[in-house]
Amino acid sequence: MASYPRLFTPLDFGFLTLSNRIIMGSMHTRLEHEPQGAARLGAFYAERARGGVGLIITGGISPDRPGQIEPGGGILDSEEQLPFHRQIVDEVHKAGGKICMQILHAGRYARGDDLVGASDIPSRINKRKVHALTDAEVEATLDAFARCAELAKSAGYDGVEIMGSEGYIVTQFTSLRTNNRTDRWGGSLENRLRFPVEIVRRTRERVGKDYLIVFRLSALDLIEDGFTHEETVIQARALEKAGVNVLDTGIGWHEALVPTIAYMVPRATWAFAVKRIREAVGIPVVATNRINTPELAEQLLADGVADLVSLARPLLADAYFAAKAKEDRADEINTCIACNQGCLDFMFRDKVATCMVNPRACHETEFPAGPAPRTRRVAVVGAGAAGLACAVTAYERGHQVMVFESGTQIGGQLNLAKAIPGKEFAETLRYFGARIAHSTIELKLGTTPKAADLVKDFDEIVIATGVKPRIPEVEGIDHPMVLRYDDVLSGKKVPGQRVAIMGAGGIGFDVAVYLSQPGGTPEVGEFLDDWGIDRTGKSTGGLAKPAMEPSARKITLLQRKPTSAGRTLGLTTGWAIKAELAKRGVSILTGVQYERIDDRGLHYSQDGKPALLEVDNVVVCAGQESVRSLHDELTSLRAPVHVIGGAERAGELDALRAIDQGMRTALAL
Ligand code: NAP
């Protein structure tokens, strides 16, 4: 607390006091689609309440059927749904927390068939036909918002947040891009703002004056014909006048062509847009997006950017973020690295959200807490992602744990991944390092144990020996110009100016980013310039001309499959990686056959035609093979052995699976 005085200053609204300035931002989890959905949501939010967050904002709940984000999505339009919501609220209140329900009408972003919007203009991310609401339907929608808020109040929620950003229905009314109406809901700015202002006015009328209304407004639209800063300020002031207590902020519509929350976005990139809203209004303002440490959150408050900070994914990664910060244990926070792999990427594939670095998130009721029934002596061989997750979880369950690592540091493949611009795996390693340091786990670096000793000294042996790069059988593969990706990413080898990357999987793309961006993670200003974000506030949608330039290195990514490259990249990050590499001039060749490598470069054929890539280096990114000789030896000795992570399956190696498997293995010991 001493380190973050502003963050832990209560905020008193007269009728409601928040114990600190940390809000858990709204996130969809898809738990409402699961059996026992309310119980699971209750457990998920209650754990965050116990973790000390000042206010929780739920995932979006629609005020009516057309507004549902998808069929079966969260809705509150009748008293029959109140028991579901009361169960969630009660759990949070029992845990000492405060919870606000977000009201979200998806408009033309909904995934159902009957889309509605301000006008019949489809979006580029959902091409289905849109029905333009009639005047009577607009009136009904506004009333549905107010009624939904009233129902939320009777369910016991401490307030509501009206979702007015990100390209959902509110922004569809306020923006000329999606509103070409000529009635009282379209045309002039005043007419277009009538929709959000009326929502707030009618909501306030229904819930009374002593009830929290948060409005999430779009601080930057990042789409063509979006608001200028001046228009954003006019909206903010109109909302304040209509009775909003807090202005939360959102950045970019979902159809924006600029990444806004993924790992390549530097921390607190959007502070400049939030600060100028705060300067224009008299009510508290919330900063959002890529705020993942208490230091940064405190700094934003100190700099006058905002009065509160909203952390969404960081509270998936660590439910106890606030409590750890308050107790000055920030080194023990499991930091969100904005990878999106377990949260957004899962959700868009219709899976329950979770978190790559914390697979317990949204699975609270499945992961038992407390000690194991008996204490075991556990050896974990390999301190990569899988081994680390297993070791710390086993220790927490009361087992005696020894970790053997042949290298000189913990982390395995994460030590390579942390070299990629924007990838914050160093935080994950700091977290695991701190957990080991605060435990009695014995860590033996530079040590490869013998099978016989493991059998003699331990009750359970977990093999997490990881992977080694696959070296394809191509003529000339042992030519000195051929480099392995691990040697490149560890900095041991530096490729020349002309590079062929053999293999266009996750690592091939990572290596392309690494080699085309030698300056490493960009600073905020550089990122904004590269992606074409206007900071003057004058341009519509906050867009300017992107300044990203082709890389000085000439890079070609190759794969044998004829399909488009990058299909295995994350759904919500892959498009940005590909857009960035295209702007940096990286070429991609698919459907190639590798012929040979010699002094001239990489010879290949495509559609049966021979070709030559004249390069200084070929970097091999052709996947991995499991390292499991120790496992095989132990199995032959009939030892009690478990194999996890890449050592178990190299083909599907990724940190999410590795950490999840490590934890689950430890819980079963
Ligand atoms: P990967 O995604 O399986 O890609 C391996 C690449 O090597 C493919 O492009 C494959 O394409 C090629 N290849 C396979 N066998 C080959 C051979 N014998 N000769 C030549 N080329 C061969 O593996 P990875 O890139 O090593 O990534 C490992 C894991 O980490 C994956 O699960 C990946 O999803 C994950 N990861 C993800 C990200 C991300 O999402 N940003 C980043 C890094 C890693 P062809 O067979 O068509 O040539």
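Counting starts at 1 for both ligands and their atoms, following the listed order.
- Contact annotation: for Asp510 versus ligand 1, heavy atoms closer than 4.0 Å belong to the side chain alone.
- The shortest N/O to N/O separation between Ala504 and ligand 1 falls below 3.5 Å.
- The residues Asp345 and Lys351 are annotated as not salt-bridged, no charged nitrogen and carboxylate oxygen being separated by less than 4.0 angstrom.
- Distances from ligand 1 to the non-hydrogen atoms of Lys423 include at least one value under 4.0 Å.
- Counting heavy atoms under 4.0 Å from ligand 1, residue Glu473 does not touch it at all.
- Atom numbering of ligand 1 starts at 1 in the shown order; those under 4.0 Å from a heavy atom of Gly623 are 5 (C), 7 (O), 23 (O), 26 (O).
- In terms of N/O distances under 3.5 Å, ligand 1 is not approached by Gly503.
- With sequence neighbours left out, Tyr168 forms a side chain to side chain donor-acceptor pair (under 3.5 Å) with His254.
- Considering both main-chain and side-chain atoms, Arg470 comes within under 3.5 Å of ligand 1 through a nitrogen or oxygen pair.
- Because its NZ or CZ atom is not both nearer than 6.0 Å to the ring centre of Phe404 and within 45° of the ring axis, Lys444 does not count as a cation-pi partner of that residue.
- The residues Arg430 and Glu332 are annotated as not salt-bridged, no charged nitrogen and carboxylate oxygen being separated by less than 4.0 angstrom.
- The pair Lys418-Glu427 fails the salt-bridge criterion, with no side-chain N (NZ, NE, NH1 or NH2) lying under 4.0 Å from an Asp/Glu carboxylate O.
- Relative to atom 47 (O) of ligand 1, the option among Gln624, Lys561, Arg657 with the closest non-hydrogen atom is Lys561.
- By the 4.0 Å heavy-atom criterion, Tyr594 is counted among the residues contacting ligand 1.
- Of the N or O atoms in Leu569, none lie within a sub-3.5 Å distance of an N or O in ligand 1.
- For ligand 1, the atoms lying closer than 4.0 Å to a non-hydrogen atom of Pro472 are 17 (C), 18 (N), 19 (N), 20 (C).
- The shortest N or O to N or O distance between Asp654 and ligand 1 is not below 3.5 Å.
- Defined by atom type and a distance below 3.5 Å, a donor-acceptor pair is present between the side-chain atoms of His603 and Asp598.
- When heavy-atom distances to ligand 1 are checked against a 4.0 Å cut-off, Ala565 has no atom that comes that close, whether in backbone or side chain.
- Salt-bridge check for Lys583 with Glu549: failed, with every basic side-chain N at 4.0 Å or more from each acidic carboxylate O.
- On a distance-only criterion, Ile577 and ligand 1 share no N/O pair closer than 3.5 Å.
- A salt bridge does not link Arg30 to Glu34: none of the charged side-chain nitrogens sits closer than 4.0 Å to a carboxylate oxygen.
- Atoms CD and CD, on Gln593 and Gln606 in that order, are 11.5 Å from each other to the nearest 0.5 Å.
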